[in-house]
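In listed order, ligands and their atoms are each counted from 1. Everything quoted here is computed from the prediction, not taken from an experiment.
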Amino acid sequence: MLSLLLLIATAVQAHMHLNYPPTFNASNNPHTTGTGDPYLNYPYGCCGRTIPMPCRGYLDLIELPEGAPVATWAAGSVQNFNLTGIGNHYGGSCQVGFSVDKGTTFQVATSYEGNCPHRNNGDGPDGQNFNFTVPADIPTGNVIFAWTWINREQEFNMNCASVTVTDAGDPEQQPPASSIAANSTIAATPSTAAAASSTAPAQPSSSSTYMLQGCSCACAADGCTCKCAGPNAARSLVQRKAHLQHLQRLRQIDNGAVSASQLKRAAAAVSYASRPQMLFADIDNGCESVKTTAELKYPNPGPDVVQGDGVYPLALPTPAGKCGY
Ligand SMILES: *[C@@H]1O[C@H](CO)[C@@H](O)[C@H](O)[C@H]1NC(C)=O
Ligand SMILES: *[C@@H]1O[C@H](CO)[C@@H](O)[C@H](O)[C@H]1NC(C)=O
Ligand SMILES: *[C@@H]1O[C@H](CO)[C@@H](O)[C@H](O)[C@H]1NC(C)=O
Ligand SMILES: *[C@@H]1O[C@H](CO)[C@@H](O)[C@H](O)[C@H]1NC(C)=O
């Protein structure tokens, strides 16, 4: 316990920042003109510095050559970021996400609950790589990528980078509906026997199973339950995608079975715009992470969550009302 306290004490003045993609005004950003910002690893409120939100006040650079994109990613592709610094605080929780409206809103791509940065892998960038999936339906063009970190000492950091998102390049990301539905069987339950005749509408209880993104999904008209191979799979998003597929299929079979508004609601539930906002906490905005050794649990983590190693408990920030839940 003593060694843990010492570790935390020595870590307080030690910080991490986003190394790849290179952030605005970073010395490793090819578009930086001067020597760059040496304080990118300082958390907000730290060390006598006032750091503007969001993105450390660098969003005006997106209109300038200094803010030109530093990476090109296809929507739906798997990418990585990595971190570097002078001390990893033995973990914490991170989010990455995007702003497609020049920094007004930031939608979550992936939440890493605990062990971010990797507590046992040093100060990076070696050993501090993290994968994430670019949301498949994110608007394309030049957007802002953001990384946030809430460590176990209630410190918040945020770094942003300018990236270009292109159309989904990999057709495997979007298998044709026929292959998705390959194994589906519309079950004719006793009460739907009449549905076989062309006059009666297909019953909402019609069920199917789908294989989708490595998950096996059992779907009914009111939703799907998916079992996924990997613990990190985006199960809730896959469930919503499978539900949309299922409603589309029911509608194909019988145009009257599913209303246009049902379909529209299901489509909206899987959209980029429906993703939660990234959590901002510990920046005098009324939302505080707990002051224990716990790592942060995100109240609205979004569909892609990477679980840490369980070394510390996870705790929600408080109070709920100020933290968006
Ligand atoms: C980059 O950071 C340095 C050091 O803080 C600062 O002097 C400079 O104005 C910044 N550049 C831009 C473009 O903001
Ligand atoms: C950081 O990520 C970039 C992009 O994938 C990669 O080229 C680079 O090698 C990574 N850095 C380290 C130290 O792994
Ligand atoms: C991250 O992605 C790379 C390249 O696709 C892969 O080799 C690696 O295993 C992935 N790491 C994790 C932790 O999923
Ligand atoms: C279809 O079902 C068979 C047997 O249950 C299984 O082996 C196969 O992986 C399934 N394929 C798809 C695309 O669901």
Side-chain angles (χ1 to χ4, degrees), residues 15-44 46-74 76-86 88 91 93-94 96 102-103 109-134 144-147 149 157-166 168-170 172-173 213-214 228-235 304-310:
H15 310 301
M16 302 292 280
H17 72 275
L18 185 64
N19 176 69
Y20 179 89
T23 84
F24 294 117
N25 203 19
S27 58
N28 70 335
N29 184 327
H31 307 299
T32 294
T33 46
T35 52
D37 185 341
Y39 306 109
L40 291 172
N41 59 349
Y42 279 35
Y44 282 65
C46 163
C47 320
R49 303 196 75 80
T50 302
I51 304 170
M53 274 292 285
C55 300
R56 308 183 81 89
Y58 285 132
L59 287 179
D60 50 346
L61 293 187
I62 55 182
E63 310 292 349
L64 301 173
E66 285 100 317
V70 293
T72 300
W73 296 334
S77 65
V78 175
Q79 300 294 340
N80 77 288
F81 68 92
N82 47 57
L83 305 174
T84 192
I86 53 171
N88 68 30
S93 294
C94 305
V96 290
K102 300 180 195 276
T110 297
S111 295
Y112 304 81
E113 297 192 324
N115 201 25
C116 180
H118 298 303
R119 61 181 104 261
N120 293 317
N121 285 7
D123 294 345
D126 286 327
Q128 295 294 357
N129 274 297
F130 297 81
N131 291 352
F132 64 94
T133 302
V134 181
I144 297 158
F145 173 78
W147 166 78
W149 177 33
N157 198 3
M158 178 179 203
N159 295 141
C160 301
S162 176
V163 304
T164 301
V165 173
T166 58
D170 181 359
E172 275 183 19
Q173 295 283 338
Q213 292 174 227
C228 304
N232 298 338
R235 197 166 60 90
D304 295 357
V305 180
V306 175
Q307 296 300 337
D309 54 8

Item to check | 4.0 Å heavy-atom contact, Tyr58 with ligand 1 | outcome: yes
Any protein N or O within less than 3.5 Å of an N or O in ligand 2? List each pair with its distance, or say none.
from: ligand 2; atom 1: 2 (O); to: Asn80; atom 2: ND2; distance (Å): 3.0
from: ligand 2; atom 1: 2 (O); to: Asn82; atom 2: ND2; distance (Å): 2.3
from: ligand 2; atom 1: 5 (O); to: Asn80; atom 2: OD1; distance (Å): 2.5
from: ligand 2; atom 1: 5 (O); to: Asn80; atom 2: ND2; distance (Å): 3.4
from: ligand 2; atom 1: 11 (N); to: Asn82; atom 2: ND2; distance (Å): 3.0
from: ligand 2; atom 1: 14 (O); to: Asn129; atom 2: ND2; distance (Å): 2.8

Checklist entry - Can you list the ligand 1 atoms lying under 4.0 Å from a non-hydrogen atom of Asp37? => result 2 (O)
Checklist outcome for this item: Taking only non-hydrogen atoms of Asn25 and a 4.0 Å limit, the atoms of ligand 1 in range are 1 (C), 2 (O), 3 (C), 8 (C), 10 (C), 11 (N), 12 (C), 14 (O)
For residues 112-119, which side-chain donor-acceptor pairs fall under 3.5 Å, sequence neighbours excluded?
from: Tyr112; atom 1: OH; to: Asn131; atom 2: O; distance (Å): 2.5
from: Glu113; atom 1: OE1; to: Lys297; atom 2: NZ; distance (Å): 3.2
from: Glu113; atom 1: OE2; to: Tyr298; atom 2: N; distance (Å): 2.9
from: Asn115; atom 1: OD1; to: Arg119; atom 2: N; distance (Å): 2.8
from: His118; atom 1: NE2; to: Asn129; atom 2: O; distance (Å): 3.4
from: Arg119; atom 1: NE; to: Asp309; atom 2: OD2; distance (Å): 3.0
from: Arg119; atom 1: NH1; to: Tyr90; atom 2: O; distance (Å): 2.7
from: Arg119; atom 1: NH1; to: Glu295; atom 2: OE2; distance (Å): 2.9
from: Arg119; atom 1: NH2; to: Glu295; atom 2: OE1; distance (Å): 2.8
from: Arg119; atom 1: NH2; to: Glu295; atom 2: OE2; distance (Å): 3.3
from: Arg119; atom 1: NH2; to: Asp309; atom 2: OD1; distance (Å): 2.7

Checklist outcome for this item: Here the pair of heavy atoms bringing Gly91 nearest to Trp149 is O-NE1, 3.2 Å
Checklist entry - Which pair of heavy atoms, one from Asn29 and one from Thr23, lies closest together, and at what distance? => result ND2-O, 3.0 Å
Checklist entry - Does Phe130 CZ have over 12 foreign heavy atoms under 6.0 Å away? => result yes
Item to check | Side chains of Asn28 and Asn19, donor plus acceptor under 3.5 Å | outcome: yes
Item to check | salt bridge (charged side-chain N to carboxylate O under 4.0 Å, His left out) contacts in which one or both residues fall within residues 49-63, not counting sequence neighbours | outcome: Glu63-Lys102
Item to check | With Phe132 via ring-ring contact (aromatic ring centres under 6.0 Å, His included) - residues at least two apart | outcome: Trp73, Phe145
